[in-house]
**Q** 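Right, I'll just put the structure down here and ask away after.
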Amino acid sequence: NIARAFDLDSAGAVHFIVMEYVEGTDLHGKVKQEGPLDVRDAAEYIRQAAVGLHYAHEEGFVHRDIKPANLMLDKRGTVKILDLGLALGDDDEQASLTRDHDEKVLGTADYLAPEQARDSHKADRRADIYSLGCTLHYLLVGRAPFAKGKLAERIRAHLNEPAPNLLEARPDVPPAIVELYYRMMEKHPDARQQTALEVATALESWL
């Protein structure tokens, strides 16, 4: 469930990554075109993304930019995680592009975990779980949880406002999925699922 990178190379001053071609559409585009998804489809896509994330986490990476546009759905219904460009590895503390440029906040504001909004470098795997919870909301409702106002207002909402009530927009969402969503969207990392595997397993048993 992660887009495969085959090679790293450069041509003159241009550095590039050779990656697999994933024929399909990203989940942001799918919802834009077709509207909010069926609950079972949304659950299955989030489950697959959680499986891919768990693998990345176990290899020592935090993605830090999980959002619908970074989840590609191929023609066979397989979800592939894209764009590990912001990924933070265990050994990145010494040589971090973002540290060199003194950037504290990285990621997309609509899917940003509260602790990541404070300092991206303190974000661990549980920040990706929060972003995946925001993505679940988008797939079911057609918009991100706190998608109103300017950038600063959106970030403030992630920090302070409770997760929006899924059932107001989607009364058909079953209790198990609602409960999973609220836990993924907890403000404090300790209150969330502690691994993406927990998310995947819960969704698998519901499915």
**Q** For a quick test of reading the model, state the closest non-hydrogen atom pair linking I177 to A43 and the distance between them.
**A** CD1-CB, 4.4 Å
**Q** Between R47 (side chain only) and T201 (backbone N and O only), is there a donor and an acceptor less than 3.5 Å apart?
**A** no
**Q** Using a 4.5 Å cut-off on heavy atoms from C-beta on, say whether the side chain of P174 contacts that of V39.
**A** yes
**Q** Which atom pair, heavy atoms only, marks the closest approach of S131 to A113?
**A** OG-N, 4.4 Å
**Q** Is it the case that E198 and Q194 place a side-chain donor and acceptor less than 3.5 Å from each other?
**A** no
**Q** Is the closest side-chain heavy-atom distance between M72 and T78 below 4.5 Å?
**A** no
**Q** Yes or no on side chain to side chain contact (heavy atoms under 4.5 Å, CB included) for Y45 and L27, after CA distance, side-chain angles and deciding distance?
**A** CA-CA 9 Å; Y45 300 155; L27 293 182; 3.8 Å; yes
**Q** On a heavy-atom basis, which atom in R40 and which in L207 lie closest, and how many Å separate them?
**A** NH2-O, 3.1 Å
**Q** I'd like to know if the side chain of Q116 reaches the main chain of R64, judged simply by a donor and an acceptor atom lying under 3.5 Å from each other, with no hydrogens or angles considered.
**A** yes
**Q** For the backbone of E23 and the side chain of D74, can you confirm whether one donor and one acceptor N or O come within less than 3.5 Å of each other?
**A** no
**Q** Quick one: does E153's side chain have a donor or acceptor within less than 3.5 Å of a partner on K150's backbone?
**A** yes
**Q** Transitively linked via ILVMFWY side-chain contacts under 4.5 Å: L167 with M185?
**A** yes
**Q** My understanding is that only residues two or more places apart in sequence, or in another chain, count here; which of them pass ring pair (Phe, Tyr, Trp, His ring centres under 6.0 Å) with Y138?
**A** H28
**Q** Report yes or no: does K187 contribute a side-chain atom to a donor-acceptor pair with the main-chain N or O of E161 at less than 3.5 Å?
**A** yes
**Q** Can you find a side-chain donor-acceptor pair between Q193 and R183 that sits under 3.5 Å?
**A** no
**Q** Hydrophobic clustering (ILVMFWY, side-chain heavy atoms < 4.5 Å, transitive) - are F6 and Y21 grouped together?
**A** no
**Q** Is there side-chain contact between I155 and F146, with at least one heavy-atom pair below 4.5 Å?
**A** no
**Q** Determine whether N1 and K80 satisfy the following criterion, side chain to side chain contact (heavy atoms under 4.5 Å, CB included), listing intermediate values before the conclusion.
**A** CA-CA 4 Å; N1 296 112; K80 301 262 191 177; 5.9 Å; no
**Q** Look at E58 together with R125 and state whether they make a salt bridge at an N to O cut-off of under 4.0 Å.
**A** yes
**Q** Side chain to side chain contact (heavy atoms under 4.5 Å, CB included) between Y130 and M184: does it pass, once the steps are laid out?
**A** CA-CA 5 Å; Y130 181 94; M184 293 171 82; over 6 Å; no
**Q** Please check if L197 and L180 belong to a single hydrophobic cluster, counting links between Ile, Leu, Val, Met, Phe, Trp and Tyr side chain heavy atoms closer than 4.5 Å.
**A** no
**Q** Can you see which heavy atom on A42 is nearest to which on L140, and at what distance?
**A** CB-CD2, 3.7 Å
**Q** Between R192 (side chain) and R126 (backbone), is there a donor-acceptor pair under 3.5 Å?
**A** yes
**Q** Are D9 and V18 side-chain neighbours, meaning at least one heavy-atom pair lies under 4.5 Å?
**A** no
**Q** Could you give me the CA-CA distance, side-chain angles and deciding distance for D26 and L71, then say whether side chain to side chain contact (heavy atoms under 4.5 Å, CB included) is met?
**A** CA-CA 5 Å; D26 67 71; L71 300 177; over 6 Å; no
**Q** Which heavy atom of V62 sits nearest a heavy atom of A123, and at what distance?
**A** CG2-O, 4.1 Å
**Q** Is there a side-chain contact between P36 and V141 (heavy atoms, below 4.5 Å)?
**A** no
**Q** If we count only N and O atoms by modelled type, under 3.5 Å, do the side chains of H158 and Y111 hold a donor and an acceptor together?
**A** no
**Q** Between D110 and R143, does at least one N-O distance fall below 4.0 Å, as a salt bridge requires?
**A** no
**Q** Please check if L73 and L37 belong to a single hydrophobic cluster, counting links between Ile, Leu, Val, Met, Phe, Trp and Tyr side chain heavy atoms closer than 4.5 Å.
**A** yes
**Q** Using modelled atom types and a 3.5 Å cut-off, is there a donor and acceptor pairing between side-chain atoms of R4 and backbone atoms of M19?
**A** no
**Q** Treating Ile, Leu, Val, Met, Phe, Trp and Tyr as nodes and any side-chain heavy-atom pair under 4.5 angstrom as an edge, say whether Y55 and I66 lie in one connected cluster.
**A** yes
**Q** Which residues satisfy the salt bridge (Lys or Arg N to Asp or Glu O under 4.0 Å) test with D172, sequence neighbours excluded?
**A** R170
**Q** What residue pairs, at least two apart or across chains, pass ring pair (Phe, Tyr, Trp, His ring centres under 6.0 Å) with a residue in residues 167-198?
**A** H137-Y181
**Q** At their closest point, which heavy atom of L53 faces which heavy atom of I81, and how far apart are they?
**A** N-CD1, 3.5 Å
**Q** Among D128, D124, T195, exactly one meets side chain to side chain donor-acceptor pair (under 3.5 Å) together with H57. Which residue is that?
**A** D128
